[in-house]
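Residue numbering restarts at 1 for every chain, and letters A, B, ... go by the order of the sequence lines.
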Number of protein chains: 2
Amino acid sequence: MDKVDKKEKILDSAQCLMLDKGYVATTVDEICESAGVTKGSFFYYFKDKEEMGKEMAQRFSSRGKQCCEGLKGEADPLKRVHGLLDMITEISKTADFKGCIMGIFSQELSETHPEIRKICETSFDGFISNLEKDLAQAKDKYAPKSSFKPREVAEYFLATFQGAMVLARAKKDKKIVERALSQFREHLRMLYKK
Amino acid sequence: MDKVDKKEKILDSAQCLMLDKGYVATTVDEICESAGVTKGSFFYYFKDKEEMGKEMAQRFSSRGKQCCEGLKGEADPLKRVHGLLDMITEISKTADFKGCIMGIFSQELSETHPEIRKICETSFDGFISNLEKDLAQAKDKYAPKSSFKPREVAEYFLATFQGAMVLARAKKDKKIVERALSQFREHLRMLYKK
DNA sequence: ACTAACATACCGACTGGTTGGTATTTTAAT
DNA sequence: ATTAAAATACCAACCAGTCGGTATGTTAGT
């Protein structure tokens, strides 16, 4: 295991644990044990727990962005949006899908860890802006006379997705996410029908 | 301060703190200090921290239900739904609105505190079932030929609302909740137009 | 009416274990 | 030999929860 792997392993383990129990309840000792790393190594790679949290959040965010990169090949804006929905639906079905670190950190840390909060905000804004662009182009193309605001619809979608993950946790049933996504698809269909 | 007040004061303080920082990060000492109560009193009224969390969640849930009770006077089912949306919109605008304990506990405790998770699940289910009834009646009345499933729409609404609160935390902007609610209203309008 | 026995409400010092983080040492690579 | 990486041992602060005690009734027997 070279040094990059070791740091990544720490982040992987921490992410997995925090997607279950949140940031505060996940201890450094636990992360180290799960990553097969000693505490000394942990604090060699990260100044403190918060620093690690920040790097994890940033990594999560940029990985998410990277995932969406492949969708930009599609020429039709509405198909790009549905492509995004397809992708999210697929991911949410996989066994190792455990939720979104941004959502968890937002709930838990927004009042106590301002820098982490800021990372979440920026990540959310980036997602919304990307989706907004496609929705706006799709509106020009398919529903130029409609009055809905693409940015608000994009924000609304992210809210729906995040909330569906909250409900999925409470009910221990990931299918809620799928159902919410298909409800949103219906919403889109109605917005864009000529 | 009589004994009922004292217990309520503990629950009030704990709820306020936990809506900010979550369950784990809120300490018993902090709750006691904020409530103006000693630790001895805390453990006199509650077996342990979790017991208090459970009582708090149940209180939050039944208070929410009670709030909705007044809406049942409306005879038209679709107007009942819009009445609910009005009410939630109003509450989310008030200064002391800080979010939903169910959403926070779900995210943080669903894997570690099964009994609290169950309370959240039951509370969510109750809300969804109530809304489902009105949506179903409204469907019979206004859109009998539509194919949407009232239960899924109800679930979808709760997801949207919960997720909007997550985003509101990340952005420190409560208006997101209002916008999401009005987007959902638009969704409803499209579903129920003849 | 007096009192002994009991119950409730409350206090705050204390404890044992855990936490994030540090200091020191050892190992491995160049 | 030098330095980066990793292991070990440790610490002060903090945590939930305990415990012995006090103050204030309440009940019941005489």
Side-chain angles (χ1 to χ4, degrees), chain A residues 1-57 101 104-105 108-109 111-117 119, chain B residues 1-57 101 104-105 108-109 111-117 119:
Chain A
M1 184 153 60
D2 73 15
K3 79 176 177 183
V4 177
D5 284 345
K6 205 155 195 169
K7 194 172 173 180
E8 287 293 299
K9 188 87 212 305
I10 293 171
L11 290 171
D12 289 342
S13 295
Q15 182 170 308
C16 186
L17 287 163
M18 287 180 177
L19 282 170
D20 266 0
K21 319 192 301 170
Y23 177 90
V24 183
T26 300
T27 69
V28 175
D29 284 320
E30 219 172 353
I31 295 165
C32 293
E33 197 194 326
S34 161
V37 152
T38 56
K39 225 167 164 184
S41 292
F42 182 97
F43 286 101
Y44 175 76
Y45 288 109
F46 304 100
K47 182 175 127 263
D48 51 26
K49 189 187 179 185
E50 180 170 1
E51 189 71 22
M52 190 236 46
K54 279 153 72 176
E55 283 196 38
M56 194 175 96
I101 280 293
I104 287 174
F105 281 9
E108 212 181 343
L109 308 176
E111 298 289 324
T112 52
H113 294 62
E115 296 178 12
I116 291 183
R117 199 217 97 239
I119 293 170
Chain B
M1 185 154 61
D2 74 16
K3 79 176 175 176
V4 177
D5 284 344
K6 207 156 194 169
K7 192 171 176 180
E8 286 294 298
K9 189 87 212 307
I10 292 171
L11 290 170
D12 289 343
S13 295
Q15 182 171 308
C16 186
L17 287 162
M18 287 180 178
L19 283 170
D20 266 359
K21 319 193 300 169
Y23 177 90
V24 183
T26 302
T27 69
V28 174
D29 283 320
E30 220 172 353
I31 295 165
C32 293
E33 197 193 327
S34 161
V37 153
T38 57
K39 226 167 164 183
S41 292
F42 182 97
F43 286 101
Y44 173 76
Y45 287 109
F46 305 100
K47 181 176 128 262
D48 52 26
K49 190 186 178 186
E50 180 171 359
E51 189 70 21
M52 189 234 51
K54 279 153 72 177
E55 283 197 36
M56 194 176 93
I101 279 293
I104 287 175
F105 281 8
E108 212 181 343
L109 307 176
E111 298 289 323
T112 52
H113 294 62
E115 296 179 11
I116 291 184
R117 200 217 95 238
I119 292 171

Practice task
Check whether any side-chain N or O of B:Ser41 sits under 4.0 Å from OP1 or OP2 of C:dC11, and answer yes or no.
Solution key: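 So the side chain of B:Ser41 is within the cut-off, an N or O lying under 4.0 Å from OP1 or OP2 of C:dC11.
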Handout entry: Distance below 4.0 Å between B:Lys7 side-chain N/O and C:dT8 OP1 or OP2
Key = no
Problem - Backbone of A:Val24 reached by a side-chain donor or acceptor of A:Glu108 within 3.5 Å - result: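 At least one qualifying donor-acceptor pair exists.
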Practice task
Using the salt bridge (charged side-chain N to carboxylate O under 4.0 Å, His left out) rule, collect all pairs that involve residues 13-27 of chain B, keeping only residues at least two apart or in two chains.
Solution key: B:Asp20-B:Lys98, B:Lys21-B:Glu30
Problem - Contact letters for nucleotides 14-22 of chain D, in which S counts primed atoms plus P, OP1 and OP2 and B counts the base, heavy atoms under 4.0 Å - result: -SBBB----
Exercise for the section: Using a 4.5 Å cut-off on heavy atoms from C-beta on, say whether the side chain of B:His113 contacts that of B:Phe105. Expected result: no
Taking side-chain contact (heavy atoms from CB on, under 4.5 Å) as the test, write out the residues that go with [X], two or more places apart.
X        : answer
A:Ser41  : A:Lys6, A:Val37, A:Thr38
A:Glu33  : none
B:Ile119 : B:Lys54, B:Ala57, B:Gln58

Between the protein and nucleotides 28-30 of chain C, list the N/O to N/O atom pairs that are separated by less than 3.5 angstrom.
none

Handout entry: Nearest non-hydrogen partners of B:Gly53 and B:Tyr23, listed with the distance
Key = CA-CE1, 4.3 Å
Take atom [atom1] of [X] and atom [atom2] of [N], then tell me their distance rounded to the nearest Å.
X       : N      : atom1 : atom2 : result
A:Glu33 : C:dG20 : CD    : P     : 13 Å
A:Glu51 : C:dG20 : CD    : P     : 16 Å
B:Ile10 : C:dC11 : CD1   : P     : 9 Å
B:Tyr44 : D:dT24 : OH    : C1'   : 12 Å
A:Lys6  : C:dT27 : NZ    : P     : 15 Å

Handout entry: Atom pair OH/CD1 of B:Tyr44 and B:Ile10 - distance to nearest 0.5 Å
Key =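 Here the interatomic distance stands at 11.5 Å.
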